[in-house]
Amino acid sequence: MNEKSGGFIGVFDSGVGGISVLRALVSELPGEDFRFFGDSANAPYGEKTEDQVLALSCGIVGRFLADGAKAIVIACNTATSVAAKALRDAHPGVPIVGIEPALKPAAHALPHGRVLVMATEVTLRLEKYHELVRAWGGECDVVPVPCPGLAARIERGDLGAPDLIEMVRGYVGAYAGKVDGVVLGCTHYPFVRRQIAEVLGAGVRFFDGGAGTAR
Ligand code: DGL
């Protein structure tokens, strides 16, 4: 039996990136109803102020709850870093699940490796990220790589265009052949994993938080 238990799960991101998490959610919880909101009109969040990201996130969650959501998934690392705590405080009866860069599985798989954490400037600036590195970075050489402009470029589509690989080269080209793993710490980045792999060279392992969030 695959009965739906009333209400839907509201999933949101600044834009299309959250679809990478939605894919994992649908595969983990095939019996649930999901509604996805990608706030492409206001993307990218990763280059906004914290107050702006907080206000946008609260607005989306408020609308989901007014429409009958029984749970919320913040499918955005940036919005999770900025707003998860405030949202949980404001809605204590509602399960609110966030996403964070998948450093824990990366450090587990590559205990002495060099691991790049690609994410937005906001995600890498906030204390939540530094706590994550202290808690789970272990013996890894953890290298934060902010990628300003990348989520906005992914929003525009045409992911096979040559400008995109050049953009990726600008962020990570200096690490080609010198890293063991990459944490995709923004939900937009799984859509350019192939381009990142092409720049960094063979043998690099990738980690993203979609499946862990779904579980
Ligand atoms: N997809 C979002 C994240 O996971 C943010 C991208 C953006 O809007 O800057 O951080």
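Just follow the structure's listing: the first ligand is 1, and inside any ligand the first atom is 1.
Close contacts between ligand 1 and Thr78 involve ligand atoms 3 (C), 5 (C), 10 (O) [criterion: under 4.0 Å to a heavy atom]. Of all atoms in ligand 1, numbered sequentially from 1 with element shown, those under 4.0 Å from a heavy atom of Gly46 are 7 (C), 8 (O), 9 (O). Residue contact check: Ala151 has heavy atoms under 4.0 Å from atoms 6 (C), 7 (C), 9 (O) of ligand 1. For ligand 1, the atoms closer than 4.0 angstrom to any heavy atom of Asp13 are 1 (N), 2 (C). The Tyr45 neighbourhood of ligand 1 comprises atoms 7 (C), 8 (O), 9 (O), with distances under 4.0 Å to a heavy atom of that residue. Of all atoms in ligand 1, listed by their number and element, those nearer than 4.0 Å to a heavy atom of Cys186 are 1 (N), 2 (C), 3 (C), 4 (O), 5 (C), 6 (C), 10 (O).
Interatomic distance, Ile154 CD1 to Tyr189 OH, rounded to the nearest 0.5 Å: 7.0 Å. Distance check, rounded to the nearest 0.5 Å: CG of Leu87 to CD1 of Ile72 gives 8.5 Å.
Checked by distance only, ligand 1 and Asn77 come closer than 3.5 Å through their nitrogen or oxygen atoms.
Counting heavy atoms under 4.0 Å from ligand 1, residue Thr187 touches it through both backbone and side chain. Of all the heavy atoms of Ser14, the ones lying under 4.0 Å from any atom of ligand 1 belong exclusively to the side chain.
Not a single heavy atom of Gly15 sits closer than 4.0 Å to an atom of ligand 1.
By the 6.0 Å and 45° rule, Arg114 does not stack over the aromatic ring of Tyr175.
Using a cut-off of 4.0 Å between Lys/Arg side-chain N and Asp/Glu carboxylate O, Glu198 and Arg169 are scored as not salt-bridged. Between Lys128 and Glu131 there is no salt bridge, since no side-chain nitrogen of the basic residue lies less than 4.0 Å from a carboxylate oxygen of the acidic one. Ionic pairing of Arg153 and Asp163 is present here: one or more N-O contacts between side-chain nitrogen and carboxylate oxygen are shorter than 4.0 angstrom.
In this structure, Val182 is a member of the same hydrophobic cluster as Val199, with clusters built from ILVMFWY side-chain heavy atoms closer than 4.5 Å.
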